[in-house]
Amino acid sequence: MFNSKYDVIVVGGGHAGAEAAAASANLGAKTLLVTMNLQTIGQMSCNPAMGGIAKGQIVREIDALGGYSGVVSDLTAIQFKMLNKSKGPAMWSPRVQSDRSQFALKWREMLEKTPNLDFYQDMVIGLIVKNNIIEGVETGLGNKIYSKSVILTNGTFLNGLIHVGEKKFGGGRVGEKPSTGITAGLESLGFESGRMKTGTPPRVDGRSLNYSLMEEHPGDENPGKFSYLEHIKPLKKQTSCHITYTNLDVHEIMASSFDRSPMFNGSINSTGPRYCPSIEDKVYRFSDKKRHQIFVEPEGINTIEVYVNGFSTSMPEDVQYSAIKMIKGFENVKMFRPGYAIEYDYFPPTQLTLTLETKLVENLFFAGQINGTTGYEEAAAQGLMAGINAVAKVFSKEPLVLTRSEAYIGVLIDDLITKGTEEPYRMFTSRAEYRTLLRQDNADIRLTEKSFNIGLAKEERVKRVLKKQDAVNKFVSFFNTTSFELDEINNLLKSANYDPVPQKGKLSKIYSRPNITQEHINKIDSVNSYISKNNLDTEVLDQTEIQIKYKGYIEKEKTNADKLQRLEDIKIPTNFDYSPLASLSHEAKEKLNKIKPKTLSQASRISGIKPSDISVLLVKMGR
């Protein structure tokens, strides 16, 4: 069965592995997905949701590039919400509550329908490397499978160790054994490794909860979706989530048992996610807070299991149960399973290039939590890019590297490769300096043509983008060239609490005012007539509004991005030696020789590199 050589072997079937396998196979590479359990491909190990602040932008970017995460999310969603709608469009972030079991089933179904993709269930225990070039993998059953490239997406399974109070046992997820052998093999090749920690909350019986004591949170009245594909439709029927809060009684039970917590008694020494701390960590660090928010999230349509978001913990089961019962609405709670913490190996991502290929072993790629990230969305984005670039390397094509001004995915990978991370990395809008350009609404405009040019995004996607772009440009031009009727516009201004205008002008001047909404402007006869005549959809209307209202901000960010691009265009020769440059500080030489940036722009973002160091390099590069 394994006589012939694969183009790409993907190790691991989580979000990173699934996207990597799909991208590789769809680009025409003969691909093998090796995973320890074929029944858990695309498994949501933690919360049953996709998207959220900045993460929703990533899912839309994955979809715009032709990945599967957005489609799977839409087809298995039970609730949709656009977060941050009270802020500007750069902050709007889509999020779906998913049906956990259907999500994994849909992922496997889509992968099984993907040509060029084979599957094999086994544990990869070692890599076959010759002269620092990857040649394949070795499995626990003794199979040697050869390939031209390998993508490691091991998630939390590398030497995974699960903690529940004083108990600890090996596992990549509860009920699943850890992956062993790979870490030692990589370390023998010269790779540095570290340990990180993440956690998950208890799952409970929804029948035992009193929802009448909680705040109901339904989905959006007019739900959106992740995928730009027209045949994927928004949700028609949604399921509510609920919110409740911890209290001082909960905090007291936790605090009195800190000596039994692996976080505080020395059992866990690795770093956990700063922005998703366990409940005991929140009680300890924020002792002045009287309560913490708890999101009560259904696991699906046809299950009574409920995910207690915000109550991640590794406390002993009896402490978890005593504390959770004190939460309003949880007085009679029955736990399906306790929360737990898990420690696992990761490899500092500064050992990678911007294509996610390792610097030490050619044609070996890392994606997902092995690089120190947390979150399905961050993992899926890395998997997609690793899949694309592994195929590019095998077929001797140009890699796809997204810049910080092109995509959140570009920000994510650049942060990892250039700065590294010592704690689980999570994406936020604040990490992107060009977030006005990187909105969730325009991911298709930014990325689909790039993906089409490499052969991943299908023609239907690029045709739809061009059609949308043309419609937006024409509608913006309509506002810039069409004058308003004085009486009609003054009535509109009055309804929006503005003073009347004394003379005629262009519609764009009125539309650019903060309090003039799409609802206001669409009531103008000429606008309403244009929309009806051209059959404009919501995406075009929203995009036009953003282009007009935020024109100044968008143009300013484009100017700044163009300045950055000038440094991106100045390439640094491969294996350039910084040691002889006397004007560089010792720290700068050390970090530049370690990271080996590809461009001056990347060099400028390395921690500890000063503007004077960049000036030295500019002179050296003949600029």
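No experiment lies behind these values; they were computed from the predicted model shown.
Here Arg605 does not pair with Asp415 in a salt bridge; the nearest charged N to carboxylate O distance is not below 4.0 Å. With respect to Glu398 and Lys450, no salt bridge is recorded, no charged nitrogen being found less than 4.0 Å from a carboxylate O. Salt bridge Glu460/Lys463: absent, no basic N to carboxylate O contact under 4.0 Å.
Side-chain atoms of Phe226 and Pro94, non-hydrogen and from C-beta on, do get closer than 4.5 Å to each other. Thr421 places none of its side-chain heavy atoms less than 4.5 Å from the side chain of Asn371. Inter-residue side-chain proximity for Phe330 and Val308 is flagged as met; some heavy-atom pair is nearer than 4.5 Å.
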| message | Between Ile524 and Phe484, does the side-chain contact (heavy atoms from CB on, under 4.5 Å) criterion hold? Intermediate values first, please. | response | CA-CA 9 Å; Ile524 295 172; Phe484 52 75; 5.7 Å; no

| said: Applying side-chain contact (heavy atoms from CB on, under 4.5 Å) to Ile454 and Val391, what does each step give before you reach the verdict? | reply: CA-CA 10 Å; Ile454 64 169; Val391 174; over 6 Å; no

| task | Take Thr599 and Ser601, measure what side-chain hydrogen bond (donor to acceptor under 3.5 Å, both in side chains) needs, and give me the verdict at the end. | result | CA-CA 5 Å; Thr599 67; Ser601 177; 4.7 Å; no

| field | Tyr245 vs Glu215, side-chain hydrogen bond (donor to acceptor under 3.5 Å, both in side chains): CA-CA, chis, key distance, verdict | value | CA-CA 10 Å; Tyr245 299 88; Glu215 303 168 13; 3.3 Å; yes

| request: Please report the C-alpha distance between Gln97 and Thr239 in whole Å, then the side-chain angles of each, then the deciding distance to 0.1 Å, and finally whether the side-chain hydrogen bond (donor to acceptor under 3.5 Å, both in side chains) criterion is met. | output: CA-CA 9 Å; Gln97 193 72 25; Thr239 303; over 6 Å; no

| request: In sequence, state the C-alpha distance, the side-chain angles, and the governing distance for Lys506 and Ser483, and then conclude on side-chain hydrogen bond (donor to acceptor under 3.5 Å, both in side chains). | output: CA-CA 4 Å; Lys506 302 302 179 190; Ser483 298; 3.3 Å; yes

| field | Worked check of salt bridge (Lys or Arg N to Asp or Glu O under 4.0 Å) between Asp63 and Arg461 | value | CA-CA 10 Å; Asp63 185 76; Arg461 282 186 178 274; 3.1 Å; yes

| From CA spacing to verdict: side-chain contact (heavy atoms from CB on, under 4.5 Å), Arg100, Thr303 | CA-CA 10 Å; Arg100 183 191 297 277; Thr303 180; over 6 Å; no

| request: Give the intermediate values and the outcome of salt bridge (Lys or Arg N to Asp or Glu O under 4.0 Å) for residues Glu109 and Lys106. | output: CA-CA 5 Å; Glu109 178 191 326; Lys106 181 56 67 176; 3.3 Å; yes

| field | Worked check of side-chain contact (heavy atoms from CB on, under 4.5 Å) between Thr353 and Ile417 | value | CA-CA 7 Å; Thr353 70; Ile417 300 334; 5.8 Å; no

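Scanning all heavy atoms of the two residues, the minimum distance from Thr200 to Cys46 falls at OG1-SG, 3.5 Å. Across all their heavy atoms, Asn84 and Ile53 have their closest contact at ND2-CD1, 3.2 Å. Pairing each heavy atom of Ile516 with each of Lys549, the nearest pair is O-NZ, 2.6 Å. The two atoms that bring Ala407 and Arg446 nearest to each other are CA-NH1, 3.5 Å, heavy atoms only. In plain terms, the two heavy atoms of Ala381 and Leu412 that are nearest each other are CB-CD2, 4.1 Å. Of all heavy-atom pairs between Ala77 and Leu235, the closest is O-CD2, 3.2 Å.
Within the 3.5 Å criterion, the main-chain N or O of Ala20 finds no donor-acceptor partner in the side chain of Ser24. Between the side chain of Lys282 and the backbone N or O of Gly310, at least one donor-acceptor pair lies under 3.5 Å. Counting only distance, with no hydrogens or angles, the side chain of Ser512 and the backbone of Ile548 share no donor-acceptor pair below 3.5 Å. With Thr373 contributing its side chain and Gly368 its backbone, the two residues share a donor-acceptor pair below 3.5 Å. At least one donor-acceptor pair closer than 3.5 Å links the side chain of Glu488 to the backbone N or O of Asp525. The closest donor-acceptor contact from the side chain of Thr481 to the backbone of Ser477 lies under 3.5 Å. Side-chain N or O atoms of Asp537 include one that pairs as donor or acceptor with a backbone N or O of Glu539 at under 3.5 Å. No donor-acceptor pair closer than 3.5 Å links the side chain of Asp74 to the backbone N or O of Ile232. Side-chain atoms of Glu557 come within 3.5 Å of backbone N or O of Leu437 as a donor-acceptor pair. A donor-acceptor contact shorter than 3.5 Å links the side chain of Asn473 to the backbone of Gln469.
Note that CG of Leu600 and CG of Asp613 are 11.5 Å apart. Values are rounded to the nearest 0.5 Å. For the atom pair NZ (Lys551) and CD1 (Ile554), the distance works out to 10.5 Å, reported to the nearest 0.5 Å. For the atom pair Glu406 CD and Tyr434 OH, the distance stands at 12.0 Å (nearest 0.5 Å). Here CD1 of Ile304 is found 11.0 Å from CD of Glu299. Values are rounded to the nearest 0.5 Å.
Side chain to side chain, Ser405 and Gln565 fail the donor-acceptor criterion of an N or O pair below 3.5 Å. Checked by atom type, the side-chain pair Gln57/Ser93 shows a donor-acceptor distance below 3.5 Å. For the residue pair Asn442 and Gln543, no side-chain donor N or O sits within less than 3.5 Å of a side-chain acceptor on the partner. Between the side chains of Glu297 and Asn47, no donor-acceptor pair of N or O atoms lies under 3.5 Å. Using modelled atom types, one finds no donor on one side chain facing an acceptor on the other under 3.5 Å when comparing Asp414 with Gln602.
Taking the ring axis of Tyr550 as reference, the NZ or CZ atom of Arg439 does not stay both within 45° of it and closer than 6.0 Å to the ring centre. Because its NZ or CZ atom is both nearer than 6.0 Å to the ring centre of Trp92 and within 45° of the ring axis, Lys85 counts as a cation-pi partner of that residue. Annotation: cation-pi pair Arg464/Tyr228 absent, no NZ/CZ under 6.0 Å from the ring centroid and within 45° of its normal.
Counting heavy atoms of neighbouring residues, nucleotides and ligands inside a 6.0 Å radius, atom CG of Asn515 exceeds 12 of them. Heavy-atom neighbours of Glu423 CD from other residues, nucleotides or ligands within 6.0 Å: above the threshold of 12. Asp562 CG: more than 12 foreign heavy atoms inside a 6.0 Å radius. By the neighbour-count criterion of 12 heavy atoms within 6.0 Å, atom OH of Tyr553 is sparsely surrounded, having that number or fewer from other residues, nucleotides or ligands. Around the CZ atom of Arg513, the shell of radius 6.0 Å holds more than 12 heavy atoms that belong to other residues, nucleotides or ligands. Surrounding NZ of Lys494 are at most 12 heavy atoms belonging to other residues, nucleotides or ligands under 6.0 Å away.
Ring geometry for Tyr530 versus Phe475: interplanar angle under 30°, hence parallel rather than tilted (30 to 60°). In this pair, His15 and Tyr376 present their aromatic rings parallel. The plane angle is below 30°, not in the 30 to 60° band.
The only option from Arg431, Lys55, Arg426 that meets the salt bridge (charged side-chain N to carboxylate O under 4.0 Å, His left out) definition with Glu378 turns out to be Lys55.
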